[in-house]
Amino acid sequence: MLYKYNLRTGTEGFYDVTAQVNESVRKSEVDNGICVIFCPHTTAGMTINENADPDVVSDMLFAFKKTIPNRPEFRHFEGNTTAHVKSSLMGSSVTVIIENEKLVLGTWQSVYFCEFDGPRNRTFYVKIIEG
Ligand code: ZN
């Protein structure tokens, strides 16, 4: 089963998409398996991180900004190389186990869509495989 979701993003940010992933698992009626959450963009990514303290994701954005600033040496004509680098660092997908109809996530974990070059209309996919 493949599910597609749309997301309107701001300039930069981490968007908690765990509710959409849970919805996909519910719709699929798969009791046990795995779930791949995929981002088909080159200046955005997917990750799993803390949802309890919103300062964690804002600190991550700050750390990215300080670690990967825009550089005059960058050659890419669009001028958004820093967003491409951040996208590859996060990766384009995450995988979560489904056990007894539920995502196996830690207490403080959420699935995040990471925007590094917004605002844009974005898409992500949830693929569910029984097994
Ligand atoms: Zn680009």
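Nothing here was measured: the structure is a model prediction, and the numbers come from that model.
For the atom pair Ile98 CD1 and Asn32 CG, the distance stands at 8.5 Å (nearest 0.5 Å). To the nearest 0.5 angstrom, Tyr15 atom OH is 13.0 Å from Met46 atom CE. Note that CD of Glu130 and CE of Met1 are 6.0 Å apart. Values are rounded to the nearest 0.5 Å. The line from CD1 of Ile37 to OG of Ser92 is 12.0 Å long, rounded to the nearest 0.5 Å. Between the CG atom in Asn80 and the CZ atom in Phe74 there is a gap of 10.5 Å [rounded to 0.5 Å]. Atom CG of residue Asp59 and atom NZ of residue Lys66 lie 13.0 Å apart, to the nearest 0.5 angstrom.
Remark: side-chain polar atoms of Thr67 are paired, donor with acceptor, to backbone N or O of Ala63 under 3.5 angstrom. Ser24 contributes a side-chain N or O that, together with a main-chain N or O of Gln20, makes up a donor-acceptor pair within less than 3.5 Å. With Ser87 contributing its side chain and Ala44 its backbone, the two residues share a donor-acceptor pair below 3.5 Å. A donor-acceptor pair is defined here as one N or O able to donate and one able to accept, closer than 3.5 Å; such a pair exists between the side chain of Tyr3 and the backbone of Ser28.
Put simply, Val21 and Tyr112 are part of two different groups of oily side chains (I, L, V, M, F, W, Y) that touch within less than 4.5 Å, one to the next. Hydrophobic clustering of Ile, Leu, Val, Met, Phe, Trp and Tyr side chains at less than 4.5 Å, counting indirect connections, keeps Met60 apart from Phe113. A continuous path of ILVMFWY side-chain contacts below 4.5 Å connects Val96 to Tyr5, so both sit in one hydrophobic cluster. Linking Ile, Leu, Val, Met, Phe, Trp and Tyr residues whenever their side-chain heavy atoms come within less than 4.5 Å leaves Ile34 and Val111 in two separate clusters. The hydrophobic cluster containing Val126 also contains Val17, counting ILVMFWY residues as joined when their side-chain heavy atoms lie under 4.5 angstrom apart, directly or transitively.
With sequence neighbours left out, Phe116 forms a ring pair (Phe, Tyr, Trp, His ring centres under 6.0 Å) with Phe64. Taking the side-chain contact (heavy atoms from CB on, under 4.5 Å) definition, one finds that Ser58 meets it with Asp55, sequence neighbours left out. Checked against ring pair (Phe, Tyr, Trp, His ring centres under 6.0 Å), His84 has the following partners two or more places apart in sequence or in another chain: His76. For Lys27, the side-chain hydrogen bond (donor to acceptor under 3.5 Å, both in side chains) partners are Glu23, not counting sequence neighbours. Here Glu50 pairs with nothing under the salt bridge (Lys or Arg N to Asp or Glu O under 4.0 Å) rule; sequence neighbours left out. Under the rule for a ring pair (Phe, Tyr, Trp, His ring centres under 6.0 Å), Tyr125 has no partner lying at least two apart in sequence or in another chain. For Arg26, there are no side-chain hydrogen bond (donor to acceptor under 3.5 Å, both in side chains) partners at least two apart in sequence or on another chain. Considering only residues two or more places apart in sequence or on other chains, Arg75 meets the side-chain contact (heavy atoms from CB on, under 4.5 Å) condition with none of them. In this structure, the side-chain hydrogen bond (donor to acceptor under 3.5 Å, both in side chains) partners of Asn51, at least two apart in sequence or on a different chain, are Ser110. Residues satisfying the side-chain hydrogen bond (donor to acceptor under 3.5 Å, both in side chains) criterion with Asp53, sequence neighbours excluded, are absent altogether.
Listed by first and then second residue, the side chain to side chain donor-acceptor pair (under 3.5 Å) pairs involving residues 34-47 are His41-Arg122, Thr43-Arg122 (not counting sequence neighbours).
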Report, one line per pair, each donor and acceptor closer than 3.5 Å where one atom sits in a side chain of residues 102-109; sequence neighbours left out.
| unit_1 | atom_1 | unit_2 | atom_2 | d |
| --- | --- | --- | --- | --- |
| Gln109 | OE1 | Gly106 | N | 2.8 |

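Enclosure of atom CD in Glu78 by more than 12 non-hydrogen atoms of other residues, nucleotides or ligands within 6.0 angstrom is indicated. The environment of CZ in Phe62 is sparse: at most 12 heavy-atom neighbours from other residues, nucleotides or ligands sit within 6.0 Å. In this structure, Ile97 places its CD1 atom where only 12 or fewer heavy-atom neighbours from other residues, nucleotides or ligands lie under 6.0 Å away.
Within the 4.5 Å cutoff, side-chain heavy atoms of Asn49 are placed close to those of Val56. Contact annotation: the side chain of Glu29 never approaches that of Glu101 to less than 4.5 Å [non-hydrogen atoms, C-beta and beyond]. Pro119 is listed as a side-chain neighbour of Arg8, based on a closest heavy-atom distance under 4.5 Å. Proximity of Asn6 to Asn121: side-chain heavy atoms (C-beta onward) are nowhere separated by under 4.5 Å.
The minimum heavy-atom distance linking Gly10 with Glu115 is given by the pair O-CG, 3.3 Å.
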